[in-house]
Structures are given as C-alpha cells and as structure tokens.
Amino acid sequence: MTRNVHLAVRVAVTAVAVLLAVIGAHWLWVRYTDDPWTRDGRIRADVVLVSPDIAGLVTEVHVRDNMPCGGGRSCSWLDRPRYHLALDQAEAAIAAAQAALNQAVRENRRNRALGALVSAEQVEQGGAKVQQLSAQLAADIVQRNLARLNLERTTVRASVNGVTTNVELQPGDFASAGRQVLAIVNTDSLYVDGYFEETKLPRIDVGDPATVHIMGVAAELRGVVASIDAGIEDRERGPSGNGLANITPTFSWVRLAQRVPVRIHLTEVPPNVRLIAGRTVTVSIFPPAGRPPEGMR
C-alpha cells in the first residue's frame with residue numbers, strides 16, 4: 001500500500017512539474033512572439049541645425065554646450081559693423097536717388113508748362129527720365145530693405161525651445177551662409193520609437209496605451225501609440241541603371257522578422273527623469289482586452 005502511495009505521489013509530482021513546464025513554455029512563447037513589447041526602443045527628438053542666413057565674422061557667442069535655450073534666444077552675433085555700414089550706404093543711395101528724381105520731376109513740369117517753347121522731344125525725354133529715376137529709387141529702396149534684413153540676421157537666433165549641443169563656435173570664427181554652426185535638440189518634440197517585430201504589429205493600433213522604461217531608471221513613463229511607420233528600407237532590392245528591379249540573388253531559409261518603428265507620444269513623465277535623445281528604452285503596449293488581432297476583425 002505504501003509503495004502504491006509513493007508511486008502515486010511521484011506520478012502526481014511529475015505531472016504537476018510537466019504541467020507547470022508546459023504552462024511556463026506557453027507563457028514564454030506568447031510573451032516573446034505575440035505580446036506587443038520590445039526592449040529595442042529609443043528616445044528621440046527633432047534636431048534643428050542652426051545656420052546663419054548671411055556670412056560674416058563671429059564677434060560674440062551667447063550660448064555654451066548643453067545649455068537650455070528658448071525659441072528666439074540670441075545664439076551669436078556676426079559682423080554687425082559691416083552690415084551697419086551696408087545699411088548706411090543703402091540709405092545714402094536712396095537719398096541720392098530721391099534728390100535726382102525730385103530734380104527730374106521739376107524739370108519735367110517746367111518743360112510742360114512752357115508749352116510750344118519746348119520741343120515735344122524734350123518733353124518726352126523729361127517724362128522718360130522721371131520714370132527711369134522712379135524705378136531706380138524703387139530698386140534702391142529694395143536694397144535698403146535687404147540691408148536692414150541682413151543687419152537683423154547678424155543675430156543668429158534659436159528657432160525652437162531646446163538644448164544646444166555640439167557647440168564649437170568661437171569668436172573670431174568665420175561663419176558661411178547656410179553652413180551649420182551649432183545644433184539644438186528640440187525638447188518640445190521628444191518622443192519614443194519602439195522597433196517592433198512585424199509579427200507583433202497585428203496587436204498594435206494607434207491610440208493604444210503604452211508604458212516606457214528607460215534603461216537604468218526605475219520610474220515608469222506612460223504614453224500612447226501615435227503612429228506606425230508606413231515603410232522601411234528593403235535591403236533585398238537595390239537601385240538599377242536600366243530601370244529594372246535589382247534583387248539580391250540569395251535567399252536565407254531562416255527569415256528574421258523585420259522591425260518596424262512605432263512612435264509613442266509621451267503623456268506622463270515622472271519628475272527628475274532625464275529625457276535624453278538616444279537613450280535605450282523598453283516599450284510595452286496594452287491593446288484593449290477582447291480586441292481581435294488585425295486581419296481577424
């Protein structure tokens with residue numbers, strides 16, 4: 001009797017162990033193949049490349065590396081005296097053009113008032129001269145406005161709220177028009193990109209709640225799915241010079257699931273958590289209970 005009891009106990013223990021192993025294996029299979037979560041995520045932000053609109057010698061730098069700055073803040077000054085002189089020169093050209101036009105208008109009026117004492121050709125030439133000087137005055141005004149705009153743009157300003165990075169600009173450097181002088185990480189645009197295997201995408205929809213854990217940080221961030229990328233690079237297909245498809249002639253029997261970026265809009269960020277673009281995060285998405293996967297709705 002005792003032997004039968006011991007045998008029954010061993011069988012029961014073995015059955016329970018096998019059942020637990022099956023349950024654990026099933027849980028792990030669902031967790032790693034179906035549940036929409038990934039450890040491959042990054043905090044991201046838009047980066048504004050600050051470039052001057054004009055060329056000039058850098059006279060002052062008002063920011064330093066990793067310095068918070070608001071939109072509209074002055075970052076640096078370029079060669080302001082030179083552009084002040086250009087504006088003064090444009091103002092002087094307007095004054096000269098205005099004086100010449102006033103003289104031509106007086107002469108034209110006098111010629112017309114004299115009537116037959118002045119030839120028709122002289123009257124016609126006087127009117128043409130007035131029109132020509134009027135056009136010249138308009139062109140000089142445009143040049144004055146351009147010189148004024150250039151003077152305003154000797155102050156290089158931050159266009160967004162953010163943090164300056166990679167600041168190597170120094171007084172005495174020469175800044176070229178359109179060439180980057182520093183970068184600003186737009187802190188108003190911070191978001192999370194989770195790179196999900198394509199096999200998990202059927203469980204994800206825009207608007208689903210999500211949690212984000214930054215590597216090395218215990219605090220939990222919350223957000224919602226903002227969008228799912230519409231396409232990723234096809235590495236099996238390359239450009240072709242004759243317009244035909246250029247497909248890689250190799251095919252691997254083991255096909256890895258592609259990873260598709262899913263953007264998470266952050267809604268709750270605990271205080272004192274540094275949102276640094278590029279940090280690694282784990283993203284978990286929680287679809288509503290009972291919602292069937294994509295393709296079964």
Side-chain angles (χ1 to χ4, degrees), residues 38-83 146 148-195 210 212-217 219 221 223-233 259-283:
T38 180
R39 291 180 296 177
D40 187 12
R42 296 288 188 277
I43 297 176
R44 298 194 61 189
D46 297 332
V47 179
V48 177
L49 305 180
V50 180
S51 305
D53 185 49
I54 58 174
L57 191 70
V58 178
T59 55
E60 293 184 27
V61 178
H62 303 149
V63 295
R64 61 182 183 275
D65 208 13
N66 302 319
M67 174 180 175
C69 64
R73 178 189 176 93
S74 171
C75 295
S76 64
W77 280 359
L78 302 184
D79 196 351
R80 294 175 66 87
R82 185 185 303 274
Y83 288 96
L146 179 60
R148 184 176 294 164
L149 178 62
N150 287 339
L151 179 60
E152 292 176 358
R153 293 188 175 179
T154 56
T155 301
V156 181
R157 299 186 182 276
S159 59
V160 297
N161 298 322
V163 178
T164 58
T165 182
N166 194 32
V167 179
E168 298 179 352
L169 193 66
Q170 298 293 328
D173 290 344
F174 187 85
S176 300
R179 184 177 179 182
Q180 177 192 349
V181 294
L182 56 92
I184 297 178
V185 178
N186 185 356
T187 53
D188 293 337
S189 69
L190 285 165
Y191 60 93
V192 169
D193 260 351
Y195 305 112
V212 176
H213 291 88
I214 303 174
M215 182 178 290
V217 178
L221 290 69
V224 295
V225 176
S227 63
I228 301 172
D229 268 25
I232 57 176
E233 181 67 24
R259 293 184 178 270
V260 178
V262 175
R263 179 171 295 195
I264 308 298
H265 171 66
L266 296 174
T267 56
E268 296 181 24
V269 179
N272 301 323
V273 172
R274 295 191 185 97
L275 294 181
I276 301 175
R279 294 191 74 174
T280 304
V281 298
T282 297
V283 182

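The structure presented is a predicted model; accordingly, all values stated were derived computationally and were not measured.
In terms of heavy-atom proximity, Ile214 sits nearest to Arg274 at CD1-O, 4.2 Å. For the residue pair Asp173 and Glu168, the shortest heavy atom distance occurs at OD2-O, 3.9 Å. Taking every heavy atom of both residues into account, Asp193 and Arg44 meet most closely at OD2-NH1, 3.0 Å. Residues Ala219 and Val273 share a closest heavy-atom pair of CB-CG2, 4.1 Å. The shortest heavy-atom contact between Ile184 and Gly162 is CG2-CA, 3.9 Å. Considering every non-hydrogen atom in both Arg157 and Cys75, the closest pair reads C-SG, 4.0 Å.
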From CA spacing to verdict: side chain to side chain contact (heavy atoms under 4.5 Å, CB included), Val225, Ile264: CA-CA 5 Å; Val225 176; Ile264 308 298; 3.9 Å; yes
Could you walk me through whether Leu221 and Leu275 pass the side chain to side chain contact (heavy atoms under 4.5 Å, CB included) test, one step at a time? CA-CA 10 Å; Leu221 290 69; Leu275 294 181; 3.6 Å; yes
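Distance CZ/Arg153 to OG1/Thr155: 12.0 Å, rounded to 0.5 Å. Between atom CG of residue Asp46 and atom OH of residue Tyr191 there is a gap of 5.5 Å, rounded to the nearest 0.5 Å. Atom CD of residue Glu60 and atom OG of residue Ser76 lie 9.5 Å apart, to the nearest 0.5 angstrom. The OG1 atom of Thr154 lies 11.0 Å from the CG atom of Asp53; values are rounded to the nearest 0.5 Å.
Between His62 and Trp77, the closest side-chain pair of non-hydrogen atoms falls below 4.5 Å. Counting heavy atoms from C-beta outward, Thr280 and Arg42 have side chains that approach closer than 4.5 Å. Taking the side chain as every heavy atom from C-beta outward, Ser159 and Val50 never approach each other to under 4.5 Å. For the pair Arg179/Ser51, no side-chain contact is recorded, criterion being any heavy-atom separation below 4.5 Å from C-beta on. Contact of the Ile43 side chain with the Ile276 side chain is not registered, since no non-hydrogen atoms from C-beta on lie closer than 4.5 Å. Side-chain contact check for Val283 versus Val281: some heavy-atom pair is nearer than 4.5 Å.
In terms of modelled atom types and a separation under 3.5 Å, the side chain of Asp65 and the main chain of Asn166 share a donor-acceptor contact. Side chain of Arg80 to main chain of Thr59: no donor-acceptor pair is present (N/O by atom type, distance under 3.5 Å, no hydrogens or angles). At least one donor-acceptor pair closer than 3.5 Å links the side chain of Thr164 to the backbone N or O of Met67.
Within a 6.0 Å sphere centred on CG of Asn272, heavy atoms belonging to other residues, nucleotides or ligands number 12 at most.
Annotation: ring pair (Phe, Tyr, Trp, His ring centres under 6.0 Å) contacts of His265 (sequence neighbours excluded): none. Take Ala175 and apply the side chain to side chain contact (heavy atoms under 4.5 Å, CB included) test, not counting sequence neighbours, and it matches Pro52, Val58, Leu78, Val181.
Tyr195 does not carry Arg259 over the face of its six-membered ring by the limits of under 6.0 Å from the centre and within 45° of the normal.
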